[in-house]
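Heads up: the structure comes next, in structure tokens.
Since the model is a prediction, treat every value here as computed from it, not as a measurement. Chain naming here is simple, since letters A, B, ... match the order of the sequence lines and numbering starts at 1 in each.
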Number of protein chains: 2
Amino acid sequence: MREFKRRSRVLLIDDNADHLRGVKELITLESSYDVVGTTTSANIGINLAKKYRPDIILMDINMPEKDGLQAIQEIEKLDMDIRVIALSGYDDADLIFRAMKIGAKGYVLKTMASAQLIYAMDEVAAGKIYLPTALTSRFFEYFQNSFKEEAKSSSEENLLTYLTAREEEVLDLLTQGNNYKSIAGKLFISETTVKTHVNNIFQKLQVNDRTQAVLYALNNGFANRRLSKIAV
Amino acid sequence: MREFKRRSRVLLIDDNADHLRGVKELITLESSYDVVGTTTSANIGINLAKKYRPDIILMDINMPEKDGLQAIQEIEKLDMDIRVIALSGYDDADLIFRAMKIGAKGYVLKTMASAQLIYAMDEVAAGKIYLPTALTSRFFEYFQNSFKEEAKSSSEENLLTYLTAREEEVLDLLTQGNNYKSIAGKLFISETTVKTHVNNIFQKLQVNDRTQAVLYALNNGFANRRLSKIAV
DNA sequence: GAATTTATCAATCCAAAGATGTAGGACAAA
DNA sequence: TTTGTCCTACATCTTTGGATTGATAAATTC
């Protein structure tokens, strides 16, 4: 049996009309994709996306009017299996990171060879995620850096380590928003005992109240150390 | 002037003695790297790392005795500019993600061609981060998935949107551990006014006390502290 | 211009949180 | 055995937090 592969449909969004034309021509001539629409406006682009349901969107993310990243986010929220490839003039690590974070399936520099753009589209059309090697490297540097600080703060002398097992239990319940009575009930001890523990926790963490204790815990790798911080 | 490039020094850690021998031979014969040590024990490997200060470590992360990931973490903590490449039998997304998160400079499958291992070493020796394309794709799928949930919870009807500008200011100060008096001082308003705002915040966020309000804010993408969750 | 929302402040009252001191029993280490 | 730590508990007291009601002025919206 022969499988007919439907030609993939592409929508182009780029506020630079010249570049837009260039990319359209490139795709039309040198690839097997159908350009179903082009626009210089992110907002119009989002509407076109809803209307034409393209397989792929090439989205310029350096637009003044509306942030391309935001546009990607809105398209992702549609949850329509539209794959967005970010087009950018900058190989800025932060930009790459944010684009990938919000769901871009690829990130290609405008300065890259046209063949690379087509290749990225092929990969993304095939369901993969594509980042040029150089950008991947940048991404990972950024990615790893964002964890370094955390690694330090949670490995360096952490006041949390001074807590006893029971105190950790109490703190855990505190970080879930429980008050004294609630904690006492859950641990089957008296409320006054809970107060004693909480007071000891305050002393050890050098804080003044439960809110500060909770914040300290969350910012220093408490909660099973399952939560990680990434600045966005 | 001629620049002499020092031969890079490599340490091999792999609990499988056979594979260890194989890799050593491969590197010795087909590359310009010096193998300065080999061991089947992660713990010994860490000590060898301290002693010989290799440029690169090839670390098997599928070891029963001690977790290779943990070993990588300990080596990273040494902060000695030793670049670790994870060797693994599995292209499991979670494994890849965790390895890269803790600072591995590369991740190579044992089943991959030897040329790819050498290439990875070259890249890493040059200061880059290397992941085979196929694994990069897997990594990103995992990466993006871990943000999907969050995107939903912060885009879906978020009670935070009902707050007025002033209430947001107050909540922001709450999430920094301030009490009424402190907030009043910082906003130059009376304490009772702060109480009014805070009460309104409680109503809108449907919580009972400041701790719960702070937790709600942090878990729902409140302003400044855009903390993201990633399961580790 | 009227109606609504927002920000401000006050008084009052009760509940909850927090500080401090004391103390007994369990348990482990010295 | 003694020492120390931890968990438990109570009493007392002060402070802070939070609920409720009501009120005024300014800004916004209709």
Side-chain angles (χ1 to χ4, degrees), chain A residues 154 156-225, chain B residues 157-225:
Chain A
S154 65
E156 274 175 15
E157 357 142 10
N158 190 323
L159 296 178
L160 289 170
T161 59
Y162 298 132
L163 299 183
T164 67
R166 199 54 160 175
E167 286 161 359
E168 280 188 5
E169 281 185 86
V170 173
L171 180 54
D172 185 48
L173 291 172
L174 276 183
T175 61
Q176 290 169 33
N178 295 284
N179 58 19
Y180 286 135
K181 190 179 295 181
S182 170
I183 294 174
K186 288 179 178 171
L187 295 183
F188 304 107
I189 57 181
S190 84
E191 209 174 316
T192 55
T193 302
V194 177
K195 286 191 177 188
T196 306
H197 287 313
V198 171
N199 258 287
N200 290 334
I201 291 171
F202 291 166
Q203 301 303 318
K204 292 183 178 177
L205 301 188
Q206 298 168 22
V207 297
N208 303 313
D209 55 50
R210 72 207 297 99
T211 306
Q212 290 178 4
V214 166
L215 288 170
Y216 184 94
L218 296 183
N219 288 326
N220 290 275
F222 196 65
N224 312 323
R225 311 187 173 268
Chain B
E157 0 140 9
N158 191 324
L159 297 179
L160 289 171
T161 59
Y162 299 133
L163 299 183
T164 68
R166 198 56 159 173
E167 284 161 1
E168 279 187 5
E169 279 186 88
V170 173
L171 180 54
D172 184 49
L173 291 172
L174 275 183
T175 61
Q176 289 169 33
N178 295 284
N179 58 19
Y180 286 135
K181 191 179 295 181
S182 170
I183 294 174
K186 288 179 180 173
L187 295 183
F188 304 107
I189 56 180
S190 84
E191 210 175 318
T192 55
T193 303
V194 177
K195 286 192 177 187
T196 306
H197 287 313
V198 171
N199 258 287
N200 292 334
I201 292 171
F202 290 166
Q203 301 303 318
K204 292 183 179 177
L205 302 188
Q206 297 168 22
V207 298
N208 303 312
D209 56 49
R210 68 198 312 90
T211 307
Q212 290 177 4
V214 167
L215 290 171
Y216 183 93
L218 297 183
N219 287 327
N220 289 275
F222 189 65
N224 301 326
R225 51 200 96 294

Roughly how many Å is it from [atom1] in [X] to [atom2] in [N], rounded to a whole number?
X	N	atom1	atom2	answer
B:Asn200	C:dC9	CG	P	14 Å
B:Phe188	C:dA7	CZ	C1'	17 Å
B:Glu169	C:dA7	CD	P	9 Å
B:Glu168	C:dT6	CD	P	12 Å
A:His197	D:dC7	NE2	P	6 Å
A:Arg166	C:dA26	CZ	P	16 Å
A:Leu163	D:dC6	CG	P	10 Å

Scoring nucleotides 12-30 of chain D by protein non-hydrogen atoms under 4.0 Å (B base, S sugar-phosphate only, - none) yields -----BBB-----------

Test salt bridge (Lys or Arg N to Asp or Glu O under 4.0 Å) applied to B:Glu191 - qualifying residues, sequence neighbours left out: none

N/O (side chain, A:Thr192) to phosphate O (OP1/OP2, D:dC10) under 4.0 Å: yes

Backbone N/O of A:Asp172 and side chain of A:Thr175: donor-acceptor pair under 3.5 Å: yes

Keeping the roles fixed (side chain from A:Glu167, backbone from A:Thr164), state whether a donor-acceptor pair exists under 3.5 Å. yes

Here the pair of heavy atoms bringing A:Leu171 nearest to A:Ala217 is CD2-CB, 3.9 Å

Using a 4.0 Å heavy-atom cut-off across all strands, classify A:Ser190 as base, sugar-phosphate, or nothing. sugar-phosphate

Would you indicate what B:Thr193 reaches in the nucleic acid, counting non-hydrogen atoms under 4.0 angstrom: base, sugar-phosphate, or nothing? base

So if I take every side-chain heavy atom of B:Ile189 and compare against C:dC9, D:dC6, C:dA7, which nucleotide ends up nearest? C:dC9

Pair B:Thr211, A:Leu174 - check side chain to side chain contact (heavy atoms under 4.5 Å, CB included), show working. CA-CA 8 Å; B:Thr211 307; A:Leu174 276 183; over 6 Å; no

Regarding B:Thr193 and B:Ser190, is there a side-chain donor-to-acceptor distance under 3.5 Å anywhere? yes

Find out whether the Lys NZ or Arg CZ of B:Arg210 is both under 6.0 angstrom from the six-membered ring centre of B:Tyr180 and within 45° of the ring's axis. yes

